[in-house]
Amino acid sequence: MLRTDKAITLNKYGQGLIDSEILVDEFSGFELIEKRNYLKEIIALILQSKPQEEDIQPAILESKLKQTFTPCVLLTKGVANHHLQKIAELPEAELSKSLRLLLGLFKVSYQRRFQAEKNNPDKWWYWDLSDERNVEKVLKNQS
C-alpha cells in the first residue's frame, strides 16, 4: 500500500503541480523490488482513474518517449490491467521508461477524473492539492 505522502505526491503530479522528474529521481534510488511495487501502485491509481483507449497516444506524448520503446509498444495493445502489468514486469533496464509512460497515462486519465470529481469530500485525491490546508487535512486524517 502506498504511503499517504507518496500518494499525495503522485496526485500532485496528476494535477500538474510538480514535475515528473521529482518522481523519476526518487524512483532511480529504489531497489528492483521497490521499483516493481511502485509501478504496481501507480497502475492501481491509473485503474482508479478509469483510463480509456484514447488516452494511449496522449500518455505516450506526455511521457516524451519514442513510440517504438517497448513500454509504449505494450501500451498500444490497450489499457486493461493485464497490459499495464506487463509494462511493470519488463526487465530492470526498461523500468525507468515504464515509469515515465505509466506516469503519463496516470496524468492523462487522472486529469479527466479530476475535472469530474474535483473537491469531492469523500475522495481527497481529487481535492486541490495546491492548497496546503487540504494536504494537511489529508495527512491528519490518515494518521
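These numbers come from a predicted model, not from an experiment.
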Output yes when a side-chain donor or acceptor of [X] lies under 3.5 Å from a complementary backbone atom of [Y], and no otherwise.
X	Y	answer
Ser98	Pro71	no
Gln15	Trp127	yes
Asn134	Asp128	yes
Gln111	Gly14	yes

What's the spacing between [X] [atom1] and [Y] [atom2] if we round to 0.5 Å?
X	Y	atom1	atom2	answer
Leu10	Tyr110	CG	OH	10.0 Å
Lys97	Cys72	NZ	SG	9.0 Å
Ile42	Leu103	CD1	CG	4.5 Å
Arg100	Glu62	CZ	CD	11.5 Å
Thr70	Ile87	OG1	CD1	10.5 Å

I'd like a table of donor-acceptor pairs (distance under 3.5 Å, sequence neighbours excluded) in which one partner is a side-chain atom from residues 22-37, with atom names and distances.
| unit_1 | atom_1 | unit_2 | atom_2 | d |
| --- | --- | --- | --- | --- |
| Glu26 | OE2 | Lys6 | NZ | 2.2 |
| Ser28 | OG | Asp25 | O | 2.6 |
| Glu34 | OE1 | Glu31 | N | 2.8 |
| Arg36 | NH1 | Ala88 | O | 2.8 |
| Arg36 | NH1 | Leu90 | O | 2.9 |
| Arg36 | NH2 | Leu90 | O | 3.1 |
| Asn37 | ND2 | Ile33 | O | 3.4 |

Which heavy atom of [X] sits nearest to which heavy atom of [Y], and what is that distance?
X	Y	value
Ser63	Leu101	CB-CA, 3.7 Å
Leu99	Leu39	CA-CD2, 3.6 Å
Leu75	Val79	CD1-CG1, 4.2 Å
Ile8	Val135	CD1-CG1, 4.1 Å
Gly104	Tyr13	N-OH, 4.0 Å

Discussion item. Let me check something: do Leu61 and Leu65 share a hydrophobic cluster, defined by ILVMFWY side-chain heavy atoms less than 4.5 Å apart, either directly or through other members?
Written reply: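 Looking at the clustering, Leu65 is in a separate group from Leu61.
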Leu84 and Phe106: same hydrophobic cluster, using ILVMFWY side-chain contacts below 4.5 Å?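 Yes, it is one cluster - the side chains of Leu84 and Phe106 are joined through contacts under 4.5 Å.
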ask   = Is the shortest distance from a Lys or Arg side-chain nitrogen in Arg112 or Glu117 to a carboxylate oxygen in the other one below 4.0 Å?
value =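 Glu117 and Arg112: not salt-bridged.
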Identify all side-chain donor-acceptor contacts of residues 45-52 below 3.5 Å with residues at least two apart in sequence or on another chain.
| unit_1 | atom_1 | unit_2 | atom_2 | d |
| --- | --- | --- | --- | --- |
| Ser49 | OG | Leu45 | O | 3.1 |

